[in-house]
Colleague: 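Sharing a structure here in structure tokens format.
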Amino acid sequence: MNGSEARDAGQPLLLGVRHHGPGSAKAVRAALEASRPRVVLIEGPPEADPLVPLAAAEDMRPPVALLAHAVDEPGRSAFWPLAAFSPEWVALRWALEHGVPARFIDLPAAQTLAWQRDEEDGGGEDTEGGEKDGEDGGMDAGAEQDALDEDVRVDPLGVLADTAGYDDAERWWEDVVEHRGAGKGDALAPFTALEEAMTALRETYGSGGHGRDLIREAHMRLRIRDVQREFEDGVAVVCGAWHVPALRRRTGVTADRALLKGLPKVKTDVTWVPWTHRRLSRAGGYGAGIDSPGWYAHLFAAPDRPVERWLTKVAGLLRAEDRTVSPGHVIEAVRLAETLAALRGRPLPGLGEATDAVRAVMCEGSDVPLGLVHDRLVVGDVLGEVPHTVPAVPLQRDLERTQRRLRLRPEAAERELDLDLREETGAERSRLLHRLRLLGIDWGRPAAARSGTGTFRETWRLRWEPELAVRSAEAGVWGTTVLAAATAKAEADAVAARGLADVTALAEHCLLAALPDALPVVMRVLADRAALDTDVAHLAQALPALVRSLRYGDVRGTGTAALAEVAAGLAERVFVGLPPACAGLDADAAEEMRGHVDAVHGALSLLGDVPAAPDGRLRARWRAVLRTLSARDTVPGVLRGRAVRLLLDEGELAQDEAARFMGLALSPGTPPADAAAWIEGFVGGSGGGLLLVHDERLFGLVDRWLTAVPTEAFTDVLPLLRRTFSAYESGVRRTLGELVRRGPGRRDRTDTAAAGAPGFGPGVDEARADPVLPVLRLLLGPDCDEGTRGERVEVRR
């Protein structure tokens with residue numbers, strides 16, 4: 001029975017579609033114009049019926065999605081995405097434009113979310129709905145009874161494409177639907193043909209492994225019956241083509257109600273949220289999506305000559321990226337695409353032919369610019385909009401108001417945002433982004449390569465994803481505004497934190513996000529955890545975050561005095577516990593401890609600029625700890641070498657004394673592995689290679705030790721030495737190679753005086769160096785003293 005006969009018999013007009021299919025969307029519009037139904041029923045959650053009028057708002061722009069989330073558990077949610085080329089959206093807009101009621105008839109979201117929760121609690125199969133739905137675009141109802149479940153899940157389009165001799169379901173769909181139009185003279189012909197194909201599939205495969213579809217279809221049949229009693233005739237149903245045979249089949253009301261009996265429910269809220277083309281694509285993680293939403297949007301919107309218009313778009317994009325693409329390229333690409341379509345037996349060029357033509361003609365065979373075309377056009381970053389009148393949690397409303405006030409428009413495409421924290425707008429934007437990160441709403445991520453807490457600037461990478469609407473709803477349990485929610489979340493996280501480093505990191509976040517009300521709670525927890533934690537590694541991990549907060553908190557106008565006492569106490573405990581904690585460590589533990597030593601040293605270097613910190617006492621104590629580590633035989637070589645290096649960098653150890661320590665560490669009685677570890681600790685990391693370049697005594701010690709390593713031990717120490725020296729810059733390695741080739745100590749005093757140190761000219765040209773001093777005074781501050789001539793020379797070097 002075709003569509004016309006079904007309607008004449010008083011049955012509903014069933015329009016089976018492919019979700020997000022532009023051909024189906026055009027066919028739906030033509031069918032509705034031809035049949036003029038009195039009511040339109042659409043596959044979707046019935047709780048969204050009150051939201052239907054919002055689809056006609058001027059500021060509603062697809063792609064959008066219906067978002068349903070559990071009121072008591074906002075993180076449990078489901079999406080029903082709709083693009084401009086989605087048949088459901090076209091049906092919805094047609095009904096609103098013609099004053100016809102539109103209603104949703106799928107399984108209620110309240111039961112969908114409850115069933116999803118029960119499945120997860122019971123360890124059942126993954127939910128197919130939401131982002132993992134098959135061809136249905138919405139979240140399925142949950143697990144079906146064992147008698148209804150089947151082992152193999154069928155892809156309807158894949159089966160039809162394979163039957164037709166196609167190895168690609170997308171290409172088959174383009175050929176039989178997208179390139180065939182809405183039917184010649186009969187607007188219902190495409191739906192009749194598709195229904196016949198799906199009926200044959202359902203007869204062969206049953207539910208096709210989608211057992212839960214049987215429950216959804218039972219609910220849809222009940223809803224259709226209710227609407228038919230109300231309107232009697234003129235009922236049009238837009239649903240996935242897979243469901244049409246089941247909705248056409250006559251079943252008893254009792255049997256349908258029996259399938260739905262006892263389904264769990266949860267209290268649910270539904271709203272409209274923006275969506276993106278990228279999230280419609282499978283590449284973006286949406287399992288029910290399409291491979292090429294940008295291409296499908298183009299096919300739906302193009303009034304004619306879609307291939308020519310598409311290739312013109314591609315040419316414009318490539319020209320914007322400074323590639324040479326002329327109108328002649330477009331003409332040749334169109335000809336090639338048409339030729340490929342003819343050779344492949346296709347009615348019109350599809351995306352495959354257009355892509356091959358672009359690669360050959362416009363990209364000169366390169367896949368690099370072709371990847372840009374795929375990312376920007378085939379998929380795209382189109383972001384929809386929803387009216388401000390849609391239902392939303394108070395926190396989301398506050399976020400939207402703040403975004404408008406700070407002129408931070410959400411965008412689907414990633415972009416960089418540079419902030420100057422000395423400006424009020426920049427500081428407010430920074431605080432907002434940090435607060436959102438604390439709430440798990442990662443709209444912005446710090447760009448580590450260009451920003452740092454030690455400057456007045458921050459660089460963020462912003463990208464708005466639809467899932468952030470769920471995160472906003474979920475964060476609404478913490479408060480009605482972003483500030484209140486972030487404060488409450490920080491306090492709860494402090495109490496629940498497992499490690500001391502987590503609490504100190506949280507304190508830093510509170511300062512970055514300007515949460516003064518949360519800081520006392522975090523500091524109280526921090527003091528309690530610091531007093532009870534006896535692990536030196538934990539204390540060493542916690543100190544840097546505290547010091548960064550002390551050093552840079554005032555840049556954002558937040559007080560940091562409360563942190564100074566905790567930081568000082570933490571440092572004192574590190575000083576006491578570090579020497580015994582370093583004794584008897586194996587190689588891996590020693591390497592990890594070296595990282596802690598470096599972190600503490602860097603933190604104390606920053607702490608020296610904080611007025612509230614007892615600089616002299618802490619720095620003096622730390623130097624004493626380093627001297628203890630450098631001289632204690634029970635400490636691993638990598639830590640002893642590191643301690644000597646840090647003392648040398650601080651000016652607390654003379655070159656002669658450093659050479660003495662190295663000589664002892666590299667003496668013949670020291671096992672080669674221990675000596676190699678000492679070398680790694682001393683010359684590893686930043687500046688280690690320059691020490692060897694500019695101090696030939698140290699270089700000679702290393703050279704003599706290395707040449708004396710026994711053959712049987714050399715293989716054991718080689719990986720460690722290679723790791724140490726491979727980290728140097730290429731220029732440093734080249735200079736060291738020249739020294740090795742020449743041999744240390746082979747220049748006489750005359751040659752040394754004439755040539756100067758490696759990399760420098762003979763002597764110091766004071767006349768040329770003097771103009772640098774005013775700039776150094778500006779950089780180092782007004783308290784910088786030039787000192788003696790020797791000190792000036794040292795600064796120049």
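Along the sequence shown, the residues carry numbers beginning at 1.
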Colleague: Measuring from atom CE of Met593 to atom CG of Asp586, what distance do you get when rounded to the nearest 0.5 angstrom?
Modeller: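 Reported to 0.5 Å precision, the distance equals 11.0 Å.
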Colleague: Grab the two heavy atoms, one from Pro579 and one from Thr628, that are nearest each other, plus how far apart they are.
Modeller: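 Smallest heavy-atom distance, with atoms named: CB-CG2, 4.3 Å.
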Colleague: A side-chain contact here means heavy atoms from C-beta on lying under 4.5 Å apart; do Val522 and Asp493 qualify?
Modeller: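 When only atoms from C-beta onward are counted, Asp493 and Val522 do not touch, as no gap falls below 4.5 Å.
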Colleague: Taking all non-hydrogen atoms of both residues, which atom of Ser630 and which atom of Val644 are closest, and how far apart?
Modeller: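 Here Ser630 and Val644 meet closest at CB-CG2, 3.6 Å.
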Colleague: Report the distance from atom CG of Leu436 to atom CG of Leu468, rounding to the nearest 0.5 Å.
Modeller: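 Answer for the CG-CG pair, Leu436 versus Leu468, is 9.0 Å.
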Colleague: If we only count heavy atoms from C-beta on, is the Leu417 to Leu408 side-chain gap below 4.5 Å?
Modeller: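 Yes; the side chains approach each other to less than 4.5 Å.
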Colleague: Quick one: are Trp478 and Glu491 in side-chain contact, heavy atoms under 4.5 Å?
Modeller: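 No - every pair of side-chain heavy atoms lies 4.5 Å or more apart.
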Colleague: Within the distance-only criterion (no hydrogens, no angle test), does the side chain of Asp420 pair as donor or acceptor with the backbone N or O of Arg422 below 3.5 angstrom?
Modeller: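 Looks like yes, one N/O pair under 3.5 Å.
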Colleague: Is there a side-chain contact between His434 and Leu432 in this structure, where contact means two heavy atoms from C-beta onward sitting under 4.5 Å apart?
Modeller: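 No, every pair of side-chain atoms sits at 4.5 Å or beyond.
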Colleague: Is the side chain of Arg278 donor-acceptor paired with the backbone N or O of Asp375 at a distance under 3.5 Å, no angle test?
Modeller: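 Answer holds: yes.
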Colleague: Given Leu639 and Leu585, is the side chain to side chain contact (heavy atoms under 4.5 Å, CB included) satisfied, shown in steps?
Modeller: CA-CA 10 Å; Leu639 293 173; Leu585 298 178; 4.2 Å; yes
Colleague: Minimum heavy-atom separation for Val503 and Ala494, please, with both atom names.
Modeller: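 Of all heavy-atom pairs spanning Val503 and Ala494, the closest is CG2-O, 4.4 Å.
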Colleague: Can Asp633 and Arg640 be counted as an ion pair, charged N to O under 4.0 angstrom?
Modeller: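 No.
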Colleague: Hey, are the side chains of Asp598 and Leu646 touching, using non-hydrogen atoms and a 4.5 Å cut-off?
Modeller: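 Yes. Closest side-chain heavy atoms under 4.5 Å.
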Colleague: Side-chain contact test, heavy atoms from C-beta onward, threshold under 4.5 Å: evaluate it for Pro446 versus Glu458 and give yes or no.
Modeller: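 The answer is no; the side chains never approach within 4.5 Å.
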Colleague: Anything under 30° is parallel, anything over 60° is perpendicular, the rest tilted; go ahead and classify His601 against Trp622.
Modeller: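 The arrangement is tilted - the two ring planes meet at 30° to 60°.
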Colleague: With no hydrogens and no angle check, do the side chains of Asp517 and Thr487 hold a donor and an acceptor under 3.5 Å apart?
Modeller: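 Absent: no donor and acceptor within the cut-off.
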Colleague: Is it true that Glu424 and Arg431 have a side-chain N and a carboxylate O under 4.0 angstrom from each other?
Modeller: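 Yes, this pair counts.
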Colleague: Would you confirm whether Arg594, through its side chain, and Ala589, through its main-chain N or O, come within 3.5 Å as a donor-acceptor pair?
Modeller: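 It does not hold such a pair.
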Colleague: Do you know the tightest heavy-atom contact between Leu439 and Lys489?
Modeller: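 That closest heavy-atom pairing would be CD2-CB, 3.8 Å.
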Colleague: Charged N to carboxylate O below 4.0 Å: is that the case for Arg627 and Glu657?
Modeller: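 Yes, Arg627 and Glu657 are salt-bridged.
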